[in-house]
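Working notes for the structure below.
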Amino acid sequence: MTAHGSGTGNGDLDHLTTALVASGDVVYAWDLADDRIRWHGSLQLLFPDGAAPETGADLAARIHPEDQPKRSRCLDDHLARGIAYDCEYRLAGDEGRVIWVHDRGGLVPRGAGGSPCVMGTMRPVTTRKETEARLYYMANYDDLTGHANKARLNEALDAELRRTLRDGGAGGFVVLGVDQLAMINSAYGYEAGDAGLMAVSRRLSECVRDSDVVGRVGGDRFGVLFADCGRNAAHRAAERAVEAVHGAPIDTPGGSVRITVTAGVVPFPEQSSTSDEVMAKAESALREAKQQGRNQTSVYEMTEAQRAAYREALSIGADVEAAMQADRLFFAYQPI
């Protein structure tokens with residue numbers, strides 16, 4: 001199963017083999033007429049079991065089912081329209097193992113009477129793909145709980161806000177703070193605190209809908225995005241979440257601990273139209289709930305005094321901006 005180029009001396013072939021082994025590439029020649037594939041290079045890199053596919057059909061059968069449509073489209077586009085054949089997909093190995101490969105090549109017409117052939121190279125890229133997947137996970141998910149991180153939750157909230165502003169409807173965002181986590185860490189150790197956080201995340205996941213998004217927005221903070229959910233429904237959902245966490249003691253390495261959470265609820269777009277505002281107001285509602293006593297919920301609602309303060313702040317901001325545009329501001333030095 002080795003492809004030899006015509007007119008290539010043994011010395012040149014040895015150099016070619018050495019270069020292929022050093023580069024990690026495997027070269028193939030796929031005869032489209034009889035479907036046979038000839039290989040050259042370190043085949044064990046792609047086929048650890050030692051049995052390389054002998055035909056195109058055999059190769060297609062080894063491609064991961066989720067990647068077969070992508071590879072087929074890429075190959076069809078190349079053969080029918082001349083678009084470059086350059087594709088990455090997974091090969092199914094033994095014991096559920098997968099090997100990512102970067103496959104690229106092109107159709108090589110043969111002379112009179114010769115059958116067309118696809119010639120190309122395959123390179124294993126499993127390590128790169130695993131690194132990319134890990135980096136993506138770290139950028140989007142919390143390492144301890146596996147839930148979305150703050151950035152990911154912010155993106156989901158932005159998308160839901162755009163949808164409600166465009167199509168109508170409403171939603172709710174809830175931020176839940178674990179009560180006295182610092183005290184739990186001090187009394188039982190940080191392993192107990194982490195175990196408590198993981199238990200809280202599981203209980204939150206169990207009491208929300210599949211369409212809701214749970215995330216961790218800080219050390220002792222969780223956020224839940226409720227789509228298609230009005231003010232009252234969001235409030236009830238937050239109360240259920242608080243009750244679910246408080247329902248039973250949590251087993252930790254330091255012993256059994258009863259953990260409670262306090263929740264702040266913001267209905268949108270009723271109270272806010274941007275994700276940053278929603279999150280900030282949820283924190284404000286959470287602080288109010290903690291002041292009233294822990295293990296409860298509070299729904300954000302701007303008071304008339306707050307509205308007046310915001311209006312005043314906006315007015316002052318407009319005055320400052322007008323002064324800057326009119327060049328009526330200057331720096332002054334006053335010694336202390």
Side-chain angles (χ1 to χ4, degrees), residues 1-3 16-108 115-149 151-152 155-156 159 205 210 213 215:
M1 299 180 68
T2 300
L16 174 62
T17 301
T18 302
L20 286 174
V21 172
S23 68
D25 289 342
V26 173
V27 174
Y28 65 87
W30 175 20
D31 192 311
L32 297 182
D34 62 11
D35 201 31
R36 307 292 294 181
I37 301 179
R38 292 178 296 159
W39 302 91
H40 193 79
S42 300
L43 299 182
Q44 68 272 16
L45 296 175
L46 302 179
F47 313 107
D49 57 5
E54 298 183 357
T55 66
D58 291 340
L59 175 60
R62 294 203 186 186
I63 297 174
H64 194 285
E66 294 178 0
D67 297 338
Q68 287 177 357
K70 176 180 65 175
R71 189 257 186 175
S72 295
R73 286 194 302 270
C74 189
L75 184 60
D76 291 343
D77 286 342
H78 175 67
L79 296 177
R81 301 161 56 193
I83 298 175
Y85 176 64
D86 193 319
C87 188
E88 292 184 350
Y89 52 83
R90 288 165 289 180
L91 294 173
D94 52 354
E95 299 180 356
R97 181 186 177 193
V98 298
I99 296 175
W100 276 97
V101 298
H102 182 190
D103 182 6
R104 58 180 179 175
L107 183 65
V108 179
S115 59
C117 179
V118 173
M119 300 193 69
T121 61
M122 283 190 191
R123 169 173 291 185
V125 292
T126 304
T127 301
R128 172 169 65 81
K129 283 292 187 177
E130 290 175 347
T131 300
E132 290 174 354
R134 178 59 181 165
L135 291 174
Y136 177 83
Y137 182 88
M138 293 172 63
N140 292 276
Y141 297 95
D142 175 57
D143 210 30
L144 178 65
T145 64
H147 285 308
N149 61 16
R152 183 78 171 179
E155 290 178 2
S205 296
D210 291 339
V213 183

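- Using a 4.5 Å cut-off on side-chain heavy atoms (C-beta onward), L46 and P124 make contact.
- Every pair passing salt bridge (charged side-chain N to carboxylate O under 4.0 Å, His left out) that includes a residue from residues 56-70 is listed here, sequence neighbours excluded: E66-R90, D67-R90.
- The distance from the CZ atom of R36 to the OG atom of S115 is 13.0 Å, given to the nearest 0.5 Å.
- Using a 4.0 Å cut-off between charged nitrogen and carboxylate oxygen, R128 and E132 count as a salt-bridge pair.
- Residues D76 and R81 have side chains not in contact (no heavy-atom distance under 4.5 Å, counting atoms from C-beta outward).
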### Task
Applying side chain to side chain contact (heavy atoms under 4.5 Å, CB included), run through M122 and L59 and close with a yes or a no.
CA-CA 12 Å; M122 283 190 191; L59 175 60; 3.7 Å; yes
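- A distance of 7.0 Å separates CG in D103 from OG1 in T121, rounded to the nearest 0.5 Å.
- To the nearest 0.5 Å, the span separating CG on D31 from OG1 on T55 amounts to 12.0 Å.
- Residues satisfying the ring pair (Phe, Tyr, Trp, His ring centres under 6.0 Å) test with Y89, not counting sequence neighbours, are none.
- In this structure the side chain of L79 never reaches within 4.5 angstrom of the side chain of P116, judged on heavy atoms.
- Contacts classified as ring-ring contact (aromatic ring centres under 6.0 Å, His included) and involving residues 48-75 (residues at least two apart or in different chains) are not found.
- Under the side-chain hydrogen bond (donor to acceptor under 3.5 Å, both in side chains) criterion, R97 pairs with no residue at all, not counting sequence neighbours.
- Legend: residues meeting side-chain contact (heavy atoms from CB on, under 4.5 Å) with E155, ordered by chain and number and at least two apart, are R152.
- Under a 3.5 Å cut-off, the side chain of E88 and the backbone N or O of W100 do not form any donor-acceptor pair.
- Side-chain contact between I63 and L91: present, with at least one pair of heavy atoms (C-beta onward) separated by less than 4.5 Å.
- Counting heavy atoms from C-beta on, the side chains of I99 and F47 never come closer than 4.5 Å.
- D86 contributes atom CG, which lies 12.5 Å from atom CG of D77 (distance to the nearest 0.5 angstrom).
- Judged as a ring-ring contact (aromatic ring centres under 6.0 Å, His included), the pairs with a partner in residues 123-148 (not counting sequence neighbours) are, in order, Y137-Y141.
- Atoms CG and CG, on L75 and L107 in that order, are 9.5 Å from each other to the nearest 0.5 Å.
- Taking the six-membered ring where the residue is Trp, Y85 and H78 present tilted rings, their angle falling between 30° and 60°.
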